[in-house]
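By convention in this document, chain letters (A, B, ...) are assigned in the order of the sequence lines, proteins followed by strands, and residues within each chain are numbered from 1.
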There are 4 protein chains.
Amino acid sequence: MRSQPDTLDPSPWMPFETRKRARDEKRVALLRTAVRLFLEEGYHRTPLSKVAERLNITKMALYNYFGSKEEILAELFRLGSEQYEAGFTAAESMKGDGLTKLRQLIRAYVAIVTDDFGMCFARIDDRELSDEARIAVRRAKRCYDSTFRALIRAGIADGSIRPCDPKLAAFVIIGALNGIADWYRADGALSPDILGTEFALRLTEGYAMQRPEQP
Amino acid sequence: MRSQPDTLDPSPWMPFETRKRARDEKRVALLRTAVRLFLEEGYHRTPLSKVAERLNITKMALYNYFGSKEEILAELFRLGSEQYEAGFTAAESMKGDGLTKLRQLIRAYVAIVTDDFGMCFARIDDRELSDEARIAVRRAKRCYDSTFRALIRAGIADGSIRPCDPKLAAFVIIGALNGIADWYRADGALSPDILGTEFALRLTEGYAMQRPEQP
Amino acid sequence: MRSQPDTLDPSPWMPFETRKRARDEKRVALLRTAVRLFLEEGYHRTPLSKVAERLNITKMALYNYFGSKEEILAELFRLGSEQYEAGFTAAESMKGDGLTKLRQLIRAYVAIVTDDFGMCFARIDDRELSDEARIAVRRAKRCYDSTFRALIRAGIADGSIRPCDPKLAAFVIIGALNGIADWYRADGALSPDILGTEFALRLTEGYAMQRPEQP
Amino acid sequence: MRSQPDTLDPSPWMPFETRKRARDEKRVALLRTAVRLFLEEGYHRTPLSKVAERLNITKMALYNYFGSKEEILAELFRLGSEQYEAGFTAAESMKGDGLTKLRQLIRAYVAIVTDDFGMCFARIDDRELSDEARIAVRRAKRCYDSTFRALIRAGIADGSIRPCDPKLAAFVIIGALNGIADWYRADGALSPDILGTEFALRLTEGYAMQRPEQP
DNA sequence: CATGAATGAGGGTTCATTCAT
DNA sequence: GATGAATGAACCCTCATTCAT
């Protein structure tokens with residue numbers, strides 16, 4: 001199709017780059033399609049043929065990008081994990097007391113869990129994964145728990161959060177946040193932003209030392 | 001074999017009753033085994049042969065009690081539903097203001113969601129069900145949501161709960177409660193009772209008009 | 001149910017006879033039900049449970065009367081065969097020339113093939129049978145063919161039937177007669193008698209030396 | 001592999017065509033094998049594994065060509081139906097009086113019913129089919145009946161056929177013709193052509209206004 | 001005789017995956 | 001890279017039949 005190399009780019013490696021980029025784009029498209037279908041229909045009820053069909057390619061073409069269905073899922077979890085890492089890092093590195101950081105983390109979490117990859121990480125059964133991948137996912141999940149607990153503890157320590165059981169408080173918050181994935185609709189009225197702000201407020205007001213001013 | 005009717009035998013139907021009871025017991029054992037495996041391994045990764053194996057019978061014996069795998073799952077959802085109905089009815093019929101009832105409902109919900117059947121209802125993907133069964137489950141789930149919202153609204157009306165968005169508050173509470181199913185272990189330190197009390201307190205303190213006294 | 005032996009019959013064997021008769025009646029009822037279902041639904045699509053259901057007994061009770069499903073079918077073929085034997089014997093033993101006998105045979109055949117057992121013999125696939133039974137059935141079928149051919153030959157010999165290929169003529173006649181089973185309905189307008197008379201006439205008029213008078 | 005386009009190669013689509021043709025040939029081979037086995041052994045007694053075995057492929061390879069066993073059967077009926085349509089259309093469009101056409105139709109019918117697909121249509125139980133396919137088959141069968149009756153009526157009208165009940169006459173003829181499928185052997189002495197001629201004569205001589213000259 | 005329970009054989013179908021162009 | 005074909009592993013389910021009472 002590309003009969004001539006782009007004349008503005010003299011480099012002979014460009015075609016390679018271009019090709020590689022095209023390949024990466026296809027790979028991403030594949031992952032986006034897969035994650036949507038896995039979320040919409042469930043991992044087991046989504047044959048690879050349906051993924052391919054939605055991409056207008058053949059089932060076998062998928063194997064140029066991934067070695068197995070499980071590998072696709074593992075990659076989705078990895079991408080989800082990346083979302084978490086980014087959001088969590090940002091929230092943790094914020095300035096402010098424990099409560100402020102916690103609220104920021106909640107906002108970040110809402111953004112993550114309303115994103116396809118983040119939602120996949122939160123909702124798809126990780127028992128589908130190979131042992132290795134599953135262990136990594138479990139470790140990551142525990143890590144995210146720990147972050148919540150750490151911020152809560154920090155908040156208690158700095159006086160911004162009322163004394164409470166950090167473990168239980170974290171469970172409550174994370175549970176409520178994960179619950180969003182059960183009913184969130186991208187085409188609904190509640191945007192991730194609004195939800196994030198709302199949940200950041202509501203999920204912490206019970207724990208905050210000072211009640212936020214009521215509207 | 002029993003050539004003469006034993007006059008002390010209170011009823012000739014006894015054998016029938018006995019056999020029927022045995023059948024029911026087996027049926028229940030089947031359901032208990034199935035729900036455990038479905039929760040432990042996932043519905044799709046649990047062939048009926050494994051269920052049978054754990055019961056020390058052949059796979060085909062299962063078909064004496066259920067017509068299909070999906071029918072087993074549907075029955076599990078039904079039993080889960082029953083748990084909900086019972087707990088919800090009890091909580092709603094309690095005396096007290098909205099907040100009190102809400103707390104009771106939370107305690108009931110924790111008991112339900114830590115029970116195998118209740119947990120199945122909360123966690124297993126209802127898309128596995130036939131259309132008919134799935135519709136019933138969805139309706140039930142919406143009903144449970146409504147109950148939460150109604151109690152919250154009632155609490156706001158009677159002044160026991162601070163003004164808030166009942167829908168969002170219900171999502172927070174239900175999400176946190178469903179989250180329990182993700183980490184609850186029957187052999188763990190936290191009993192459903194303790195969890196119920198704790199969650200009833202923590203999940204409502206942000207909404208309560210008067211803060212509960214801190215320990 | 002029968003608390004006392006029939007007082008009019010002093011014989012102690014009568015109960016046995018009675019019981020035996022009851023048994024035979026049940027057996028016949030079973031066969032009648034089976035043949036109806038086999039004809040209506042097809043042998044393979046008729047599980048024994050359906051036969052039992054229509055008889056208001058359990059599937060297992062059937063095994064008190066027959067050792068296997070195939071044995072039931074074999075018995076149905078045997079009963080069908082009896083119908084044939086009777087009808088054929090009567091027709092053959094009639095007085096008259098070949099054509100007259102042939103017409104009588106056709107009438108008899110129509111009666112047979114509109115009877116459940118006769119229809120079963122004609123229509124149900126005899127490959128379902130055990131080797132032994134199937135061989136017997138095949139032999140019988142050949143025998144019936146032979147009878148037709150013999151009568152045709154006799155008719156040709158005695159001048160009542162025009163010279164023709166007896167084999168082919170027999171195929172035509174038998175084929176047309178068996179075809180009745182494909183569309184005959186017991187509750188339809190055409191009774192076996194009428195059909196018999198009509199077919200006896202139409203199927204032979206091409207072969208008759210003298211045309212039957214037209215109405 | 002072919003590094004340079006062979007300029008003599010008439011078309012780059014040839015490989016595609018070739019592959020498509022190969023696929024079609026395999027598909028047809030599959031159908032031929034299936035119809036033979038279904039006729040020889042019966043539909044229910046022919047597992048797909050046997051069809052595959054005779055084709056020297058695995059059972060699963062069949063699913064590249066058909067979605068289910070029933071779909072194979074439906075296709076066989078469709079092919080059978082095509083045979084009928086072709087033969088019937090040709091016979092109907094012939095010049096000549098009703099009797100001539102009827103005789104031609106009989107010849108066509110014999111050709112059809114001695115062909116594997118036509119025989120399948122005539123003999124295999126259409127209750128195996130899905131509702132949709134079965135309804136289509138039943139409609140086609142009624143249509144073929146009608147054609148016979150119409151020709152007979154036409155023959156009566158134009159004086160080539162003696163007055164008779166067209167419905168009954170059609171039943172006789174069709175029954176006799178379908179009966180051929182019960183005993184016809186492709187390796188036998190009687191070719192479809194001979195049979196067709198013979199049956200066209202014998203099945204109509206009873207109805208013809210003028211008797212065919214006897215040999 | 002009759003019943004409920006259990007079993008084993010067998011077949012259709014799905015689907016991920018490998019093979020050969 | 002991409003494709004069609006083929007394969008093998010499972011799994012659900014039907015149904016005749018045997019077992020134990």
Side-chain angles (χ1 to χ4, degrees), chain A residues 19 22-23 26-27 44-52 55-72, chain B residues 1-2 15-16 18-20 22-23 26-27 44-52 55-72, chain C residues 19 22-23 26 44-52 55-72, chain D residues 1-2 15-16 18-20 22-23 26-27 43-52 55-72:
Chain A
R19 218 180 313 154
R23 178 180 171 82
K26 285 185 196 169
R27 204 182 118 102
H44 266 116
R45 277 183 309 287
T46 306
L48 287 184
S49 54
K50 269 203 184 167
V51 179
L55 286 164
N56 287 320
I57 60 175
T58 68
K59 178 175 52 164
M60 296 320 302
L62 300 179
Y63 282 90
N64 288 320
Y65 303 96
F66 293 96
S68 70
K69 191 184 184 187
E70 189 264 327
E71 196 178 309
I72 295 177
Chain B
M1 299 310 151
R2 193 163 35 83
F16 170 76
T18 304
R19 202 180 305 173
K20 185 166 187 310
R23 180 179 174 82
K26 285 184 195 166
R27 203 183 119 101
H44 267 116
R45 277 182 310 287
T46 307
L48 287 185
S49 54
K50 270 202 185 166
V51 178
L55 287 163
N56 288 319
I57 58 177
T58 66
K59 178 176 53 166
M60 299 322 301
L62 300 179
Y63 284 90
N64 281 319
Y65 302 95
F66 294 97
S68 70
K69 191 183 183 187
E70 189 263 326
E71 195 178 310
I72 295 178
Chain C
R19 219 180 311 156
R23 179 181 170 83
K26 286 185 194 168
H44 267 116
R45 279 183 307 288
T46 306
L48 288 184
S49 53
K50 270 203 184 167
V51 179
L55 287 164
N56 287 319
I57 61 174
T58 67
K59 178 175 52 165
M60 297 320 302
L62 301 179
Y63 283 90
N64 288 317
Y65 302 95
F66 293 95
S68 70
K69 191 184 184 185
E70 187 264 327
E71 196 177 310
I72 295 177
Chain D
M1 298 314 151
R2 192 163 35 81
F16 170 76
T18 304
R19 202 181 302 174
K20 185 165 187 310
R23 179 179 173 82
K26 286 184 195 167
R27 203 184 121 101
Y43 177 74
H44 267 117
R45 278 183 308 288
T46 306
L48 288 184
S49 53
K50 269 201 185 168
V51 179
L55 287 164
N56 287 319
I57 58 177
T58 65
K59 177 176 55 164
M60 298 321 302
L62 301 179
Y63 283 91
N64 280 320
Y65 303 94
F66 294 96
S68 69
K69 192 184 183 186
E70 188 263 327
E71 194 177 311
I72 294 178

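- A donor-acceptor contact under 3.5 Å is not formed by the side chain of D:Asn64 with the base of F:dA5.
- Nucleotide F:dG8 forms a Watson-Crick or G-U wobble pair with E:dC15, both donor-acceptor distances falling under 3.5 Å.
- B:Arg45 places none of its side-chain heavy atoms less than 4.5 Å from the side chain of B:Lys50.
- Heavy atoms of B:Phe66 sit nowhere under 4.0 angstrom from any nucleic acid atom.
- Heavy-atom minimum distance, C:Lys59 versus C:Ser49: CD-N, 3.9 Å.
- Protein atom CG of A:Leu62 is 15 Å distant from nucleotide atom P of E:dC15, rounded to whole Å.
- Between the CD atom of A:Glu70 and the P atom of E:dT17 there is a distance of 9 Å, given to the nearest Å.
- Considering only side-chain N and O atoms, A:Thr58 lies nowhere under 4.0 angstrom from the phosphate OP1 or OP2 of F:dA2.
- Looking only at side-chain heavy atoms (C-beta outward), C:Tyr63 and C:Glu71 stay at 4.5 Å or farther from each other.
- The shortest distance between the side-chain N/O atoms of B:Lys26 and the OP1/OP2 oxygens of E:dG4 is not below 4.0 Å.
- The distance between atom CG of D:Leu55 and atom C1' of F:dA5, rounded to the nearest whole Å, is 14 Å.
- Toward the 5′ end of DNA chain E lies the nearest nucleotide of B:Asn56, the other residue of the pair D:Thr46 and B:Asn56 mapping further downstream.
- The partner of F:dA20 is E:dT3, by the rule that a Watson-Crick or G-U pair needs both atom distances under 3.5 Å.
- One N or O donor and one acceptor, one from the side chain of D:Lys59 and one from the base of E:dG12, sit under 3.5 Å apart.
- Comparing F:dC12, F:dT3, E:dA16 by their nearest atom to the side chain of B:Leu48 picks out F:dC12.
- Contacts of A:Lys50 with the nucleic acid, taken as non-hydrogen atoms under 4.0 Å apart, are absent.
- Between the P atom of E:dT17 and the OH atom of A:Tyr65 lies a distance of 18 Å, rounded to the nearest Å.
- When distances run from any side-chain atom of C:Tyr63 to the nucleotides E:dT18, F:dT17, E:dA2, the shortest one goes to F:dT17.
- For the pair B:Arg23 and B:Asn64, the tightest heavy-atom approach, listed with the atom from each and the gap, is NH2-O, 2.7 Å.
- Which of E:dA16, E:dG11, E:dT3 sits closest to the side chain of D:Pro47 comes down to E:dG11.
- The C1' atoms of E:dC1 and F:dA20 are separated by 15 Å, rounded to the nearest whole Å.
- Of the listed nucleotides (F:dT17, E:dC1, F:dT3), F:dT3 has the atom at the smallest distance from the side chain of A:Met60.
- Counting only heavy atoms from C-beta on, A:Ala61 has its side chain closest to F:dA2 among F:dA2, E:dT13, E:dA16.
- Residues D:Lys69 and D:Thr46 come closest through the heavy atom pair NZ-O, 3.0 Å.
- For the pair B:Arg23 CZ and E:dT3 C1', the computed distance is 12 Å after rounding to whole Å.
- Side-chain proximity of A:Ile57 to E:dA6, E:dA16, F:dT3: nearest is F:dT3.
- Following rounding to the nearest Å, D:Glu71 (CD) and E:dT13 (C1') show an atom-to-atom distance of 13 Å.
- Side chains of D:Ile72 and D:Val51 form no contact here, defined as non-hydrogen atoms less than 4.5 Å apart.
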